[in-house]
Amino acid sequence: MSNLLETGKFPEDLKRYKEKDYEELSKELRERLINVVAKTGGHLASNLGVVELTIALYSVLDPYKDRIVWDVGHQTYVHKILTGRNDRMETIRSKDGLSGFPKMSESSADSFNTGHSSTSVSAALGMCRARDIKGEDYRVCAVIGDGALTGGMAYEALNDAGQSKTNFTVILNDNGMSISKNVGGMSKYLGNIRSKKTYLRAKRGVKKFLVSIPGIGKPMERFFHKIKEAVKALFVDTEIFENLGFEYFGPVDGHDVEGMKTIFQRAFSYNGPVLVHVVTKKGSGYNPAEENPQSFHGTTPFDPESGEKNIDNSISFSEAFGKKLSKMAEEDKNIVAVTAAMPSGTGLIGFEKKHPDRFFDVGIAEQHAMTMSAGMSACGLKPFFAVYSTFLQRAYDQILHDCSIQNLPVVLAVDRAGVCGPDGETHQGIYDLSFLNNLPGVTVAAPSCIEELEMMMDMSLKVFDKDSGMLNGPFAIRYPAKDKYSFDTSYLNNAPVEYGKGAMVNFANFVSYDVAIIAIGSMVETAMQTASELKKEGIRALVFNARFLAPLDEVGILNVCKLCNAAISLEDGVKCGGMGSSITELLTRENIWIPFSVLGLPDETIPHGKIEEIHKMYGLDVLSVCNEAKKLIRRKQDFS
């Protein structure tokens, strides 16, 4: 049998394929996905689950003309393969390679950039209205998962779209999962529909029987199709979507290409908003991913035969946070943990098992998580909200309006802070330092190592004490997607974490230093390595671990700058509004004039690639910092 992926012209050929061709193509696509992701890492289970759905959709729509918005977008590897990018799949999520998400700059088949959840219906509805106003002719479709339906923005859009009367199709890809198992009322509602196996089984069985009857089978099958909706009403309650104004089709078997084609053709010919409910299995066709879809949602490279991954025994910041919080909760019954659909990613699985009555997964609803935490705080609990930096952006107003203004303490465990690498521009956690730094009453701390993380977590409990002398609003502890560091942390024995205070890491009691490197968070390691390299050239570099951005250790920084002939600030966030900006204001206000350079990231979108590659690209690697230090020293000498 010929290899369809090599010989086919996609997506055009999908319209002429027969059932056996779809089966063969599905098999080839799964093999391709497994082999690629086994080498590169990436999102596997979600892509395996939409193989047939994507084939069926593109046998009806033209992705180069029609507008298809894939919610979140991590399930678009099949879409990329079928839209001319199969030969570049090995480059996915690597520097200068394919993005792991849709990108309009990458292909005209990518109609909208996605990466965060629950945005597709809003974007697609906007496209419908643009089409209608401009009198253009194309079909619009939003493909949204049931996990994304835990996000409030999806309901705002569905509410608007249902009364719009525009021709618009929403495909609900229902696999019962987001990253972890879905939670909440909508998950239960969809589960009730999905579990009506009597209906799906009867539908499948009757169709198979009728088609098998020679001569009259096909006409009979078409006749019974007309009364199917009445039969379905006996089994399936779809009231919520119909009340919103959608014509509901489903539930449809998401691994039956021909069945989906028929439904999609009906849906796209319907006048008005339509919702097609497709039931799929995450990880479908690959046993390791079917059995453990959470592990294979976003995976590191693995053995495609066994599904086994390389075991790394080092402990990540996320794991350390979860273990420490679980231990703290044993001693303090008021501590509660909150997550927005990320119990595994934020290290809270152990906490959930030990303290299930104090663990709250609210689904993909960061705004709700933030304000709910504020409500808990107002009534005497001590909430720790664990969230990725990139997703905390979605709760910005709630931090200000519901916590800061009311001086309500909530501990924000800001995971994956700084450059995150392969997931690219939508996931880089590079804005939190700046946007938190500008909010009143917010403490912003950044540990350089796990020991400091644990000290800061202990300290954060004092924020709930009105008489502690600390700010009583949100206490943010931001830490990187990192599980290894190599610098000497023994200085912590003599320099434990103090609120709002930094520490000189390598102070040697010299009368003066050539340069100070004021670093925060994960960049302290880079600063230490830079100091070691400069020492080989006879250059004295003093490293200052700022530890806190808000409140900034102004006294400590001024003392360091007085000891040094030049200074560099080093942070893994955008420079605008970050630590370097704050230090610049401080030095100007205090009339301290030394050569000073702010090293960080520009206020532009940061592409995908390995963390070390991105750091080198933007001058945050050891060699670049060394060169900047020597440049500042020369400048000082020129003016002496």
Side-chain angles (χ1 to χ4, degrees), residues 43 45-47 49-50 69-76 100-102 112-124 142-159 170-191 194 240 275 277 280 282 293-294 297-298 318 337-349 352 359-373 383-399 402 410 412-416 420 423 426-427 429 432:
H43 295 96
S46 51
N47 281 286
V50 298
V69 183
W70 294 86
D71 205 282
V72 185
H74 54 226
Q75 77 285 50
T76 54
F101 299 90
F112 199 77
N113 291 8
T114 50
H116 286 188
S117 172
S118 313
T119 65
S120 62
V121 181
S122 296
V143 185
I144 185 168
D146 53 318
L149 282 187
T150 63
M153 184 176 175
Y155 294 97
E156 296 176 27
L158 288 170
N159 180 60
V170 175
I171 297 176
L172 171 56
N173 172 30
D174 177 11
N175 58 29
M177 299 281 290
S178 46
I179 295 174
S180 303
K181 196 168 184 64
N182 281 332
V183 297
M186 178 51 73
S187 175
K188 184 176 180 181
Y189 176 79
L190 292 177
R194 194 189 314 122
I240 187 170
L275 187 139
H277 183 183
T280 61
K282 199 167 185 179
Q294 182 171 313
H297 170 78
S318 305
V338 178
T339 183
M342 302 291 288
S344 176
T346 57
L348 289 175
I349 293 294
E352 179 183 11
F359 171 80
F360 303 93
D361 182 352
V362 301
I364 304 174
E366 294 85 1
Q367 293 171 289
H368 164 57
M370 196 68 235
T371 300
M372 184 188 76
S373 297
F384 281 68
F385 175 27
V387 59
Y388 285 10
S389 173
T390 184
F391 302 135
L392 181 61
Q393 296 161 191
R394 312 185 83 178
Y396 186 69
D397 182 59
Q398 286 67 36
I399 301 171
D402 299 327
V410 172
L412 300 175
V414 187
D415 203 334
R416 305 301 198 276
C420 285
D423 281 335
T426 60
H427 282 58
D432 56 90

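Residues passing the salt bridge (Lys or Arg N to Asp or Glu O under 4.0 Å) test with D423 are R93, sequence neighbours excluded. Legend: residues meeting side chain to side chain contact (heavy atoms under 4.5 Å, CB included) with Q393, ordered by chain and number and at least two apart, are H116, T390, Y431, F435. Take S120 and apply the side-chain hydrogen bond (donor to acceptor under 3.5 Å, both in side chains) test, not counting sequence neighbours, and it matches D71. For A337, the side chain to side chain contact (heavy atoms under 4.5 Å, CB included) test picks out L325, L348, F351, F359, with sequence neighbours left out. Not counting sequence neighbours, the partners of S318 by the side-chain hydrogen bond (donor to acceptor under 3.5 Å, both in side chains) test are D415, R416. Listed by chain and number, the residues in a ring-ring contact (aromatic ring centres under 6.0 Å, His included) with F101 are H43, H427 (sequence neighbours excluded). Take H368 and apply the side-chain hydrogen bond (donor to acceptor under 3.5 Å, both in side chains) test, not counting sequence neighbours, and it matches no residue. Remark: T114 pairs with V69, P102, F112, T119 by the side chain to side chain contact (heavy atoms under 4.5 Å, CB included) rule, at least two apart or across chains. For T426, the side-chain hydrogen bond (donor to acceptor under 3.5 Å, both in side chains) criterion is met by no residue, not counting sequence neighbours.
Not a single donor-acceptor pair under 3.5 Å links the side chain of D361 to the backbone N or O of M342. S118 places no side-chain N or O within donor-acceptor distance of the main-chain N or O of A154, the cut-off being under 3.5 Å.
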Begin with the C-alpha distance, continue with both residues' side-chain angles, and end with the deciding distance and a verdict on side-chain contact (heavy atoms from CB on, under 4.5 Å) for L149 and L158.
CA-CA 10 Å; L149 282 187; L158 288 170; 4.0 Å; yes
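For the atom pair OG1 of T76 and CG of N47, the computed distance is 6.5 Å after rounding to the nearest 0.5 Å. We find the NE2-NE2 distance between H74 and H297 to be 4.5 Å, quoted to the nearest 0.5 Å. Atom-to-atom distance recorded for F384:CZ and T339:OG1 is 14.5 Å, nearest 0.5 angstrom. Expressed to the nearest 0.5 Å, how far CE of M370 lies from CZ of R394 amounts to 15.5 Å. Here CD of Q75 is found 10.0 Å from OG1 of T280. Values are rounded to the nearest 0.5 Å.
Closest non-hydrogen pair, V72 versus S117, comes out as CG2-CA, 3.5 Å. Smallest separation of non-hydrogen atoms from P343 and E352: CB-OE1, 4.3 Å. Contact between A340 and A365 at its shortest, heavy atoms only, is CB-N, 4.1 Å. For the pair S389 and G429, the tightest heavy-atom approach, listed with the atom from each and the gap, is OG-CA, 3.3 Å. The shortest heavy-atom contact between P293 and A45 is O-CB, 3.7 Å. Contact detail for L172 and G145: the closest heavy-atom pair is CD1-C, 3.9 Å.
The shortest distance between side-chain heavy atoms of V387 and T346 does not fall below 4.5 Å. Looking at heavy atoms from C-beta onward, L412 lies in side-chain contact with I399 at the 4.5 angstrom threshold. Using a 4.5 Å heavy-atom threshold, the side chains of D402 and Q367 count as separate. Considering only heavy atoms from C-beta on, E366 stays 4.5 Å or farther from Q398 through its side chain.
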